[in-house]
Amino acid sequence: MITIKSAREIDVMRRANVIVAEVLQELRRVLRPGVTTLELDEIAEELTLKKNATPAFKGYQVAGRIYPRSLCASINDEIVHGIPSARALKEGDIIGLDYGVIYQGYYGDSAVTVGVGKVSEEAERLMRVTEQALYRGIEQLKDGERMGKLSSAIQHTAEDAGFSVVRSFVGHGIGRRLHEEPPVPNYGQPESGLRLRQGMVLAIEPMVNVGGYDVTIKEDGWTAVTQDGSLSAHFEHSVAITENGPYILSRL
Ligand code: MF3
Ligand code: CO
């Protein structure tokens, strides 16, 4: 079922997503070579609790598996759902930071990919194109428009740059639950898909690879990596569809 949110609910979701954005901003500030992803996880958790919210991913179940940490930290060829560990970041790495909270019963969800110190030109371009794909998608959000317009805008932005778009993970509706209907694919035909309506809130999250789009899951049961070992980037915003078009809830 697709839930339509009232103005009051969108207001609460804005506050949830501002907390997510503030956490991501803090993580970017402390990011440097030598920092471990577990340290980032602890910082995220502490700041969340201080803001009277709860980490959304810790203890979250997908297909009977329980996610063990608050943050998803995905390095280089890791696409999403990298589990924080004692692994230290190195100069030149790129890291996807995906974070979510629950605030007053509503979820916030957002992700960025950032470089650690100086990164390769290709890595820079990948991150730039992936973020641009996200914004091109968001621009399509309008009452009465079809989902496929968003999907196709994202796909073409990535593919025109010579990259590929991951198929096996998609975005989602978000609200009182982290993953609600409808799925939000990052590929597809513009004339396809359901009609978007005012009051829908969508988490839009393109994952873009330098090489092919095929995915492998690591032995930990969570970490999704590119099958060909190529670099991957991920950006995500939670966005409400209003009468004035898209309202990016997770942008400060
Ligand atoms: N932003 C991701 C998503 O929307 C994070 C989920 S991680 C999980 O799917 F552990 F909570 F599943
Ligand atoms: Co999400």
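Computed from heavy atoms alone, side chains included, the values below leave out hydrogens, waters and symmetry copies. Just follow the structure's listing: the first ligand is 1, and inside any ligand the first atom is 1.
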Between His234 and Phe169, does the ring centroid distance fall short of 6.0 Å?
no
Do the ring centers of Tyr107 and His179 come within less than 6.0 Å of each other?
no
Ligand-side contact atoms (ligand 1) for residue partner [X], heavy atom cut-off under 4.0 Å:
X: Asp109; result: 1 (N), 3 (C), 4 (O)
X: Val62; result: 12 (F)
X: Cys72; result: 7 (S)
X: His172; result: 3 (C), 4 (O)

If you consider just the N/O/S atoms, which atom of [X] is the closest one to the Co ion (ligand 2)?
X: Glu205; value: OE2
X: Asp109; value: OD2
X: Glu236; value: OE2

Pair Lys50 + Glu22: basic N to acidic O under 4.0 Å:
no
Under the criterion side-chain contact (heavy atoms from CB on, under 4.5 Å), which of Ile204, Val201, Asp109 is the partner of His172?
Asp109
Give a yes-or-no answer on whether the side chains of [X] and [Y] include a donor-acceptor pair shorter than 3.5 Å.
X: Tyr106; Y: Arg15; result: no
X: Asp228; Y: Ser230; result: yes
X: Ser238; Y: Asn17; result: yes

Could you walk me through whether Leu24 and Ser110 pass side chain to side chain contact (heavy atoms under 4.5 Å, CB included), step by step?
CA-CA 8 Å; Leu24 290 175; Ser110 182; 3.8 Å; yes
Taking the minimum heavy-atom distance to atom 10 (F) of ligand 1, which of Phe169, Tyr99, Tyr67, Tyr107 ranks first?
Tyr67
Could you check atom 8 (C) of ligand 1 against the protein and tell me its nearest heavy-atom contact, residue, atom and distance included?
Tyr60 CD2, 3.9 Å
Atom 9 (O) of ligand 1 has as its nearest protein heavy atom His179 NE2, 2.8 Å
If Ile, Leu, Val, Met, Phe, Trp and Tyr residues are connected whenever their side-chain heavy atoms lie under 4.5 Å apart, and connections chain through other members, are Ile95 and Leu134 in the same group?
yes
Taking 2.8 Å as the cut-off, does an N/O/S atom of Asp98 lie below it from the Co ion (ligand 2)?
no
Do any of the N/O/S atoms of His172, backbone or side chain, fall under 2.8 Å from the Co ion (ligand 2)?
yes
N/O of [X] under 3.5 Å from N/O of ligand 1, yes or no?
X: His234; value: no
X: Asp98; value: yes
X: Glu236; value: yes

Would Arg167 and Tyr187 count as a cation-pi pair here, with the cationic atom under 6.0 angstrom from the ring centre and within 45° of the axis?
yes
